[in-house]
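What you see below is based on every heavy atom in this structure, not just the backbone, and it leaves out hydrogens, waters and symmetry mates.
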Amino acid sequence: FAQSGLIIGRMRTLPYLVFAVLGFGAVAFASCGDSSETSPSAFLDTPLSETRIAFHSNRDGDDQIYVMNWDGSEQTRLTNNSAKDVFPTWSPDGRELAFVSIRDGNSEIYVMGTNGNRQRRLTDHPDVDTRPTWSPDGSRIAFYSDRDGNPEIYTMDAAGGNVTRLTDDPSDDAFPA
């Protein structure tokens, strides 16, 4: 599972490095407990001037999802509730964002339109479901969950059905990409 068809100018590898650096930075910040400006991810299938970055920030008092242009302009808040909304990731076609929300009492996977509309919950489990990432064709979403006692990698279809555990190991399996 990875973003596909990434191009900046004539270089096809640079965007992967940019995304990897941004993604790794977000993981590092998250693991250090700093959630003020973490988890940026970008849909880079369009010219750089049209690229949008999705991120979560606690600039307004609690973690919410925002988007902005690649140059930092037009920062727009997409979610607005009293619970944390974090870890946004673009669908390959750029029409939706998957993200994690705790609005229903625990960590669940949600999807919304790129302007914040059509927010809907995809998972509904009493244990943690987190860190969604889209399949290249957009038909499935990978995530990790501790629903079987420790973190394992799962997939589901993009509508939230057909959840399948992919790993089964006593160690932690997490952060699909």
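- Between the side chains of Asp137 and Ser135, at least one donor-acceptor pair of N or O atoms lies under 3.5 Å.
- Counting only N and O atoms by type, the side chains of Tyr154 and Asp173 include no donor and acceptor under 3.5 Å apart.
- A pairwise comparison of heavy atoms in Thr130 and Ser107 identifies CB-OG, 3.7 Å as the closest pair.
- Contact between Arg140 and Asn162 at its shortest, heavy atoms only, is NH2-O, 3.2 Å.
- Between Ile141 and Ala98, the shortest heavy-atom distance links the atoms CD1-CB, 4.4 Å.
- When all heavy atoms of Ala158 and Leu122 are compared, the pair lying nearest together is O-CD1, 3.7 Å.
- A donor-acceptor contact under 3.5 angstrom links the side chains of Asp129 and Ser145, judged on distance only.
- Of the possible donor and acceptor atoms, one in the side chain of Asp169 sits under 3.5 Å from a partner among the backbone N and O of Ser171.
- Taken to the nearest 0.5 Å, the CZ atom of Phe87 stands 8.5 Å off from the CG atom of Asp63.
- With a 4.5 Å cut-off on side-chain heavy atoms, Leu97 and Thr89 do not count as touching.
- With contacts defined as side-chain heavy-atom distances shorter than 4.5 Å, the pair Ile102/Val86 does not qualify.
- A donor-acceptor contact shorter than 3.5 Å is absent between the side chain of Gln64 and the backbone of Ser57.
- A heavy-atom distance below 4.5 Å is not found between the side chains of His56 and Tyr66.
- In terms of modelled atom types and a separation under 3.5 Å, the side chain of Ser73 and the main chain of Asp71 share no donor-acceptor contact.
- Inter-residue side-chain proximity for Arg52 and Thr114 is flagged as unmet; no heavy-atom pair is nearer than 4.5 Å.
- Put simply, OG1 on Thr155 and CZ on Arg165 are 12.0 Å apart, with the number rounded to the nearest 0.5 Å.
- Summarising the geometry, atom CE belonging to Met112 is positioned 9.5 Å from atom OG belonging to Ser101; distances are rounded to the nearest 0.5 Å.
- Here the CE-OG1 distance, from Met156 to Thr164, works out to 11.0 Å after rounding to the nearest 0.5 Å.
- In this structure, the side chains of Arg121 and Val111 stay at 4.5 Å or more apart for every pair of heavy atoms.
- Among residues two or more places apart in sequence or in another chain, the side-chain hydrogen bond (donor to acceptor under 3.5 Å, both in side chains) test is passed with Tyr110 by Asp104.
- Looking at heavy atoms from C-beta onward, Phe99 lies out of side-chain contact with Pro132 at the 4.5 angstrom threshold.
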side-chain contact (heavy atoms from CB on, under 4.5 Å) assessment of Phe143 paired with Thr133: CA-CA 6 Å; Phe143 63 100; Thr133 189; over 6 Å; no

Between Val67 and Gln75, does a side-chain contact (heavy atoms from CB on, under 4.5 Å) hold up when you go through it step by step? CA-CA 6 Å; Val67 293; Gln75 296 182 21; over 6 Å; no

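- A donor-acceptor pair is defined here as one N or O able to donate and one able to accept, closer than 3.5 Å; such a pair exists between the side chain of Asp157 and the backbone of Gly160.
- Considering all non-hydrogen atoms of both residues, Phe175 and Tyr144 come closest at N-CD2, 3.3 Å.
- Expressed to the nearest 0.5 Å, how far OG1 of Thr79 lies from CD1 of Ile65 amounts to 5.0 Å.
- Grouping the Ile, Leu, Val, Met, Phe, Trp and Tyr side chains by contacts below 4.5 angstrom, directly or via other members, places Val128 apart from Ile109.
- Within the 4.5 Å cutoff, no side-chain heavy atoms of Arg95 are placed close to those of Trp90.
- Using a 4.5 Å heavy-atom threshold, the side chains of Asn106 and Glu108 count as touching.
- The line from OG1 of Thr51 to CE of Met68 is 11.5 Å long, rounded to the nearest 0.5 Å.
- The heavy-atom pair separating Arg147 from Val163 by the smallest distance is NH1-CG1, 3.8 Å.
- The residues Asp62 and Lys84 are annotated as not salt-bridged, no charged nitrogen and carboxylate oxygen being separated by less than 4.0 angstrom.
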